[in-house]
Protein chains: 2
Amino acid sequence: MIPETLLIEYNATLKTFDKDEIIFSEGEFARNYYQVKHGIIKMNNFNDDAKEFIQGIFYKRQSFGEPPLFIDVKYPANATAIEKSTIYILPKEKFYELLQNNKEVHFKITESLAKRLYYKAIIASEISSQEPSHRILRFFDYLKNDVFKQEGKFTLKINYTRQQISDILGLRVETVIRTIKQLEKQGEVKIENRKVYR
Amino acid sequence: MIPETLLIEYNATLKTFDKDEIIFSEGEFARNYYQVKHGIIKMNNFNDDAKEFIQGIFYKRQSFGEPPLFIDVKYPANATAIEKSTIYILPKEKFYELLQNNKEVHFKITESLAKRLYYKAIIASEISSQEPSHRILRFFDYLKNDVFKQEGKFTLKINYTRQQISDILGLRVETVIRTIKQLEKQGEVKIENRKVYR
DNA sequence: TAAACTTTATGATTATAGTCATAACATTAT
DNA sequence: ATAATGTTATGACTATAATCATAAAGTTTA
């Protein structure tokens, strides 16, 4: 999102995290800006029963965990590598400087926060309800229409495990499995070699 | 949030909306920046059963509905006046111009989006679960610690009806009433003249 | 190549949040 | 001052998502 040349110009460091390694934890103060060079990162919480909730998943070139850099709060979630990942790290002060000096980058950061708020708004009204089929379909449609921007029937392959879908939507994995089977019966999704298509 | 003098300098118009009047609807394209001069605005969705979900409530000097101005999407929720309200309205193009010309205002907008993302992150991990007591307490604690910044026991009076709490947290009003009663028994909240204190 | 681990899947049971009905109390409108 | 409306509250009942147990299939590791 922030061009690599610019990150390098501002002396961002590169660090490699192993699969499952923690980048930062819920409750810590934010000190750095983070951007994925390659790999996949998730931000998550665990409830009292150690049930995981995934706040978001971040891929190559995407940043994560910026909101606390702009307001005086601690991280509301952990950040963990889903696979071995390499991350750009820029200290908070340098990040501010970079934004002050690069108006167009600031607009990109604002756009990124706007996208995440849009996603949260869509998901929030669904995950508060008692209807797993709605939750799941709304999430799939968000991926299809807003993220991958695809048309046609069953053109989008859902690249999440049932377990990941359950963690994102706050459902039990058994509920996700049964509901997807049900949605297949209703013609809403297709399952092929255990993969789901919307 | 944006100083009124600056809004006026950019020719923002003032419009008054009656209680329950709609400012914009879910699915519309965003054309304007909105900021409350006085009154209270809510953004909400209705599900298939006409059950309301409140995405956020906005008070004097706060803006609402900006994310779609930065990304190419339609409004994910409606905006409605909770009471008679007067709103500044600035067309999208003028809003961009204002941000381009006023870096410090852009930082304030970014901060505002960051605050909302923080709130959504906190609420999301709770409202997806099956525990109304957690949902309610987490929401009260967010109000106490992050919004009103109060300390001590039962110092915060919760200025929301049970119905509003149920709409914000995606619960049935009966569930909210019973759960708050239960939390009183556990010493987590105090109820005085039907008002809740945390 | 086989063991270990992860993912997907199914069946049976249950706790609970929702649903429906009803009513007391408070506030607002006439 | 009274009727209408909104808010809070309670009781009884039910559908369902969670829970628990178990296992088949696929992937990863040694």
Rounding to a whole Å, what distance do you find between [X]:[atom1] and [N]:[atom2]?
{"X": "B/Gln130", "N": "D/dA15", "atom1": "CD", "atom2": "C1'", "value": "12 Å"}
{"X": "B/Ile191", "N": "C/dC25", "atom1": "CD1", "atom2": "P", "value": "16 Å"}
{"X": "B/His134", "N": "C/dA17", "atom1": "NE2", "atom2": "P", "value": "11 Å"}
{"X": "A/Gln164", "N": "C/dT7", "atom1": "CD", "atom2": "P", "value": "8 Å"}
{"X": "B/Leu169", "N": "C/dA17", "atom1": "CG", "atom2": "P", "value": "13 Å"}
{"X": "A/Glu174", "N": "C/dG11", "atom1": "CD", "atom2": "C1'", "value": "11 Å"}
{"X": "B/Glu131", "N": "C/dG18", "atom1": "CD", "atom2": "C1'", "value": "17 Å"}
{"X": "B/Leu183", "N": "D/dT8", "atom1": "CG", "atom2": "C1'", "value": "16 Å"}

[X] and [Y]: side chain donor to acceptor below 3.5 Å:
{"X": "A/Lys120", "Y": "B/Gln55", "answer": "no"}
{"X": "A/Glu4", "Y": "A/Tyr88", "answer": "yes"}
{"X": "B/Asn47", "Y": "A/His134", "answer": "no"}

For nucleotides 12-15 of chain C, tabulate all protein N/O to nucleotide N/O atom pairs closer than 3.5 Å, reporting atom names and distance.
residue: C/dA12; atom: N6; partner: A/Arg178; partner atom: NH2; Å: 3.4

field: Flag, side chain of A/Thr86 to backbone of A/Thr16, donor-acceptor distance under 3.5 Å
entry: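 No: the side chain of A/Thr86 does not pair with the backbone of A/Thr16.
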- prompt: With no hydrogens and no angle check, is any side-chain donor or acceptor of B/Arg135 less than 3.5 Å from a backbone partner on B/Ile127?
  reply: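 Checked: pair present.
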- prompt: In terms of hydrophobic clusters joined by side-chain contacts under 4.5 Å, are B/Ile54 and B/Phe17 together?
  reply: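 In one cluster: no.
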field: Rounded distance [0.5 Å steps], CZ in B/Phe95 versus CG in B/Leu7
entry: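 Between atom CZ of B/Phe95 and atom CG of B/Leu7 there are 9.5 Å.
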- request: Nearest 0.5 Å please: distance from the CD1 atom of A/Ile2 over to the CD atom of A/Gln62.
  value: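 The distance works out to 13.0 Å.
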Nearest-nucleotide 5' precedence on DNA chain C, B/Thr179 against A/Ile177: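 Here A/Ile177 is the residue nearer the 5' end.
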- prompt: Would one find a side-chain N or O of A/Thr161 under 4.0 angstrom from OP1 or OP2 of C/dT7?
  reply: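 Looking at the OP1 and OP2 atoms of C/dT7, neither is under 4.0 Å from any side-chain N or O of A/Thr161.
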- prompt: Any side-chain N or O of B/Lys181 under 4.0 Å from OP1/OP2 of D/dT8?
  reply: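 No, B/Lys181 has no side-chain N/O under 4.0 Å of OP1/OP2 on D/dT8.
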Ring center gap for B/Phe58 and B/Tyr34 short of 6.0 angstrom: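 Not under 6.0 Å, so no.
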task: Fit a plane to each ring of A/Phe70 and B/Phe107, take the angle between them on a 0 to 90° scale, and name the class: parallel (under 30°), tilted (30 to 60°) or perpendicular (over 60°).
output: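 A/Phe70 vs B/Phe107 ring planes: tilted.
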message: For B/His106 and A/His106, take the angle between the two ring planes, folded into 0 to 90°, and tell me which bin it lands in: parallel under 30, tilted 30 to 60, perpendicular over 60.
response: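 Ring orientation, 0 to 90° scale: parallel.
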Please produce a list of atom pairs where a protein N or O lies less than 3.5 Å from an N or O of nucleotides 23-30 of chain D.
residue: D/dA25; atom: O4'; partner: A/Arg194; partner atom: NH2; Å: 3.4

query: What pattern of brackets, bars and dots sums up DNA chain C from 5' to 3', given Watson-Crick or G-U wobble pairs under 3.5 Å, [ ] for crossing pairs and | for another strand?
result: ||||||||||||||||||||||||||||||
query: Are B/Lys115 and B/Glu111 close enough for a salt bridge, meaning some N to O gap below 4.0 Å?
result: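 Yes.
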task: Before accepting this row, confirm whether a basic side-chain N of the pair A/Glu104/A/Lys108 lies closer than 4.0 Å to the acidic partner's carboxylate O.
output: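 Not counted as a salt bridge, because no side-chain N and carboxylate O are separated by less than 4.0 Å.
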message: Quick check on contacts: within residues 38-57 of chain B, what sits under 4.0 Å from DNA chain D by heavy-atom distance?
response: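 None - not one residue of the stretch has a heavy atom sitting under 4.0 Å from the strand.
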query: Residues from residues 121-129 of chain B sitting under 4.0 Å of DNA chain D, heavy atoms only?
result: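 Per residue number, the list is empty: none.
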- prompt: Which nucleotide, D/dT8, D/dA21, C/dA17, lies nearest any side-chain atom of B/Arg162?
  reply: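 My answer, after comparing the listed nucleotides, is D/dT8.
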field: Residue pairs fulfilling side-chain hydrogen bond (donor to acceptor under 3.5 Å, both in side chains) with at least one residue in residues 65-84 of chain A, sequence neighbours excluded
entry: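 Every side-chain hydrogen bond (donor to acceptor under 3.5 Å, both in side chains) pair that includes a residue of residues 65-84 of chain A, provided the two are not neighbours, is A/Asn44-A/Asn78, A/Ser63-A/Glu66, A/Glu66-A/Arg116.
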task: Determine whether more than 12 heavy atoms belonging to other residues, nucleotides or ligands lie under 6.0 Å from atom CD of B/Gln186.
output: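 More than 12 heavy atoms, drawn from other residues, nucleotides or ligands, come within 6.0 Å of this atom.
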task: Would you indicate whether A/Lys190, at its atom NZ, is surrounded by more than 12 heavy atoms from other residues, nucleotides or ligands within a distance under 6.0 Å?
output: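 For A/Lys190, atom NZ is crowded (more than 12 foreign heavy atoms under 6.0 Å).
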field: 4.5 Å side-chain heavy-atom contact, A/Ile191 and A/Lys181
entry: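 A side-chain contact exists here, since the closest heavy-atom pair is under 4.5 Å.
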